[in-house]
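Read through the structure below, which is laid out as structure tokens, and then see the notes.
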Amino acid sequence: MYVALWRIIPGPLWLRVAISVAAASVVVAALMMFVFPWVDTFMTPKDVTVRQ
Amino acid sequence: MRALSAGSRGAGGGSKLGHVSSETEAPTTEDSTEPSVVLPRRRRDIFSDKSSSVLGIVGESLITIGAIVLLFLVWQLYINNAVLANEQASITKDQALAWATVSPSPVASGTTAQTDFGPPPIVAPVKEGGQFAILYIPRLGPDSQRAVRNGVDPVSVLNHGYYGRYPDTQWPGEPGNFAVAIHRTGWGSSFADAPKLQVGDKIYLETAHGYYTYTFRNYEFVLPTAVNVVLPVPGSEAPVGDQMLITITTCNPLLGDAERLITYGVFDSWRPRSSGAPPAIAAIVNKEAN
């Protein structure tokens, strides 16, 4: 999977590394900004209240 | 390794001596070419290109999912926590600024010598989810103030770092028990250090009218079902009298929720906004309202 992605990325080694790092950063940022907050709404939050 | 396997193979066909020697010779001649030719061929025999790439994709996907789960934990424990704490800082600042605009405090706030301003006004009830106060606990640090909203809904109130007021408890200024809940850690909470409170530490509640000062009295560790801690007289059906308490419930242990840590404070005094903030929090309040 990642080998195939690596083959698709054009350019010399340094450019490939740069593109990979940039793409990974975009994915991580998207996860943190949009996906995780959305997933968090489905998680059972830790309960801090007292109730029967 | 290789010599050993060749030897055992030889021992297996031990009856024909001549054959054994030819067999043991064969691997040694093969040895020189084996690393580049034989091993790759063997691998291809077991996993065809197709199945190995499928297995590779499955394996890489599993690793990726594992990494994402770890990343989610990092987000929940640190990043989201920091983001929400920052959000709370601007929420309390906006709130303090809004109140200060309506009724500005004197510049030299906190210098008024008078300490007794009579009985406190009762905070006007707000609708569920409404914001009506800021809670300051100087012992927990200069950035520990959080806004207080009505209701203990996890999604809309508690998971944003607010203190949430138990709807069936009393309002500040009303005899009885003003009970709130807050996350212990995460979600922008600043309450992780709650056990550092010392008897006599002050808890300040700022509202539109002024400042309510409570004195920390004690802790209690209870089960999550101990709803009697939010009764007007905690743990008792006794008549209310004129005692005013603040009760803060949070989870215990840290990062768990098997128990509840209950923090009690007793009402000490009230101060109208026009007399300025109590000296202990004047610096924080003035910083926020300017």
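Here is how names work: the chains are called A, B, and so on, in the same order as the sequence lines, proteins then strands, and each is numbered from 1. As the structure is a computational prediction, the values presented were derived from the model and not from experiment.
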Please classify the contact between [X] and chain A as side chain, backbone, both or neither, with a heavy-atom cut-off of under 4.5 Å.
| X | result |
| --- | --- |
| B:Glu259 | neither |
| B:Ile79 | side chain |
| B:Val155 | neither |

_Among B:Arg146, B:Gln145, B:Gln88, B:His183, exactly one meets side-chain contact (heavy atoms from CB on, under 4.5 Å) together with B:Ser190. Which residue is that?_
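Running side-chain contact (heavy atoms from CB on, under 4.5 Å) over B:Arg146, B:Gln145, B:Gln88, B:His183 with B:Ser190 returns exactly one hit, B:Arg146.
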*N/O donor-acceptor pair under 3.5 Å between B:Thr250 side chain and B:Arg184 backbone*: yes
*Measure distances from A:Thr49 to the heavy atoms of chain B and classify the residue's part below 4.5 Å as side chain, backbone, both or neither.*
both
*Between B:His160 and B:Tyr162, how do the two ring planes meet: parallel, tilted or perpendicular, split at 30° and 60°?*
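Rings of B:His160 and B:Tyr162: tilted, 30 to 60°.
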_Does B:Phe221, at its CZ atom, have more than 12 non-hydrogen atoms belonging to other residues, nucleotides or ligands within less than 6.0 Å?_
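Counting other residues, nucleotides and ligands, CZ of B:Phe221 exceeds 12 neighbours.
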Top contributor to chain A contacts, counting heavy-atom pairs under 4.5 Å, from [options]:
| options | answer |
| --- | --- |
| B:Leu261, B:Ile182, B:Leu223, B:Val83 | B:Ile182 |
| B:Leu158, B:Thr64, B:Leu71 | B:Leu71 |
| B:Val180, B:Leu255, B:Val222, B:Ile262 | B:Leu255 |

_Using side-chain heavy atoms (C-beta onward) and a distance below 4.5 Å, is B:Val148 in contact with B:Phe132?_
yes
*Beyond-backbone contact of B:Asp201 with B:Ile137, side-chain heavy atoms, under 4.5 angstrom*: no
*Heavy atoms only, distances under 4.5 angstrom: which of A:Val27, A:Val48, A:Thr41 has the most pairs with chain B? Name it, please.*
A:Val48
